[in-house]
Amino acid sequence: MNRFANLYFALDATTRTNDKIAAMRAYFDDAPPADAAWAVYFLSGRRPKRLLSAALLRRWAAESAAIPDWLQEEAYHAVGDSAEAAALLLPAADQLSDRPLHQWVENVIFQLREKDEADQRAAVLAAWAELDDPQRYVFNKLITGGFRVGVSQRLLVRALAEAAALPDATIAQRLMGTWEATPDFYAALVHPDEELGDTIGRPYPFFLAYALEADPATLGDPAEWQVEWKWDGIRAQLIRRQGQTFLWSRGEELVTDRYPEVIEAAAALADCVLDGELLVWDFAADRPQPFAALQQRIGRKNVTARTLADTPVVLLAYDLLEWAGEDWRERPLTERRARLAEIIAAAGSQRLPISTVVEAATWDDLIRLREESRARGVEGFMLKRRSSPYRVGRRRGDWWKWKVDPYSIDAVLIYAQRGSGRRAGLYTDYTFALWNGPPDDPGRELVPFTKAYGGLTDAEIREVDRFITSHTTDRFGPVRSVTPELVMEIAFEAIQASNRHKSGVAVRFPRILRWRRDKAIGEADTLEIFKRHDIAALKV
Ligand SMILES: Nc1ncnc2c1ncn2[C@@H]1O[C@H](COP(=O)(O)OP(=O)(O)OP(=O)(O)O)[C@@H](O)[C@H]1O
């Protein structure tokens, strides 16, 4: 555990890619395979679900440090993070143990699940007595489900590839799909040639895009690019091998059971692996339904006939990764696309359509066509170099996403709450409101509409924080309501009708674009603005 906590803090201490890779590499060179397997598990973003609430953890820490609740609450507000506050409050450990990571995970952490609260408390107190501050912090994060490390999958892959002296792509693929964090798994992961266990359902790593910020003309001749609509669904890989079908989402979750209509249609496919987008399709209008419709299917394991009828899902295929048992990823896109078209035509299922290629002779034509995106229910274009292979991970150069500009709106800050982590102690969590009537309506009110983050500089955040503490009008638990004075521009990607929100709408990916010091609250937008976007037409 000590070694893993050191790794965690080494990764946290630097933003330099090479230092992060070196820290992981040093860990993998040293750690026993049983520990390395768990490290790979956690570093790749897998983590146990919350086993205990943060509030319980803080209470036990306060009890064992013999401090009153109010002081514990203050400590929490000052630090802004329960795991850290608890780790800091505790008295020094009696006797440090150096039990390896895998024993902590398997014999202590996962065992908490089976215990009642009294036994959990005893186990956690016993653990704290054996751990120093950094280890306690990691332990606390793991049991409260808050463990996050600042390394991307790509860096992890590079560190493992260096440790194993293997190509990055081999490691990336061996990490895909489901696996157990066992010593055997780790040994196979870094083994020079051995294939990992059962590979029939194993997906390929997804190729990801970069956002196109430059003028598209910088990409050269449009004829070299395959242009597709950027669909707003869920990225998925459909695997058809030896009569079996597997469906993986980009989050590396096996979702085969969630979309039975797609799986049924896939029975008509010859052996192949397809990359594509899961979408709820409106067959009458021959266009996708908004993401909100798909959201109703995402978490649902129990798919009823009604659900299938109301939210019919398709896999819109856009690439071919494997054909008749052969890996096709190195072949140029044109070749993959041509074969994909044949495969889709042969399957002949409306559940397995192909992503349309948008034809245009010039970039200007494309700029004009892109204006149709919102009306078509898509997010813009994907540009794919016709000669390119299908690569691993996010690589610049061959796949660009060229999205339509986000919506933006001017809203008024009305509630605030303290943030956590780096900005603990400052009010950084804001709720914004819009007017429910036009400026000449004296009775109009501000209606809360969304939370939004990001977009402000550190100096602005401090300034807003001072404003909030000096303009608080009311408090509800940790939330303060403030005099409506500050106007900020909020961007978002899509709007949905919602009866859960007082404003009647919910927006997707809201974020602060800038502080509009030049606007008074009377100039903020009204809910009316959404009418322009015909939200009533969205089926949610
Ligand atoms: N025609 C298409 N070809 C490839 N990807 C598409 C297409 N239409 C929609 N997509 C989606 O766009 C994403 C491409 O952008 P990126 O690889 O950056 O993923 P992302 O981070 O999920 O992006 P975003 O959040 O912008 O959708 C894919 O993951 C996929 O879900």
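Read the numbers this way: they start at 1 and go in the same order the structure lists the ligands and their atoms.
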Enquirer: Looking only at the side chains, is there a donor atom on one of Asp215 and Trp363 sitting less than 3.5 Å from an acceptor on the other?
Expert: no
Enquirer: Please find out if less than 6.0 Å separates the ring center of Phe207 from that of Trp399.
Expert: yes
Enquirer: For Asp257, give me all partners under salt bridge (charged side-chain N to carboxylate O under 4.0 Å, His left out), at least two apart in sequence or on another chain.
Expert: none
Enquirer: Could you pull out the closest heavy-atom pair between Arg396 and Trp400, with the gap in Å?
Expert: CG-CH2, 3.6 Å
Enquirer: Got the residues with a heavy atom under 4.0 Å of ligand 1, by chain and number?
Expert: Leu208, Ala209, Glu228, Trp229, Lys230, Trp231, Arg235, Arg250, Glu277, Tyr318, Ser355, Met382, Lys384, Arg394, Trp399, Lys401, Lys403
Enquirer: Answer yes if the ring centres of Phe9 and Tyr137 are under 6.0 angstrom apart, and no otherwise.
Expert: yes
Enquirer: When you compare the side chains of Ser355 and Trp229, does any donor N or O come within less than 3.5 Å of an acceptor on the partner?
Expert: no
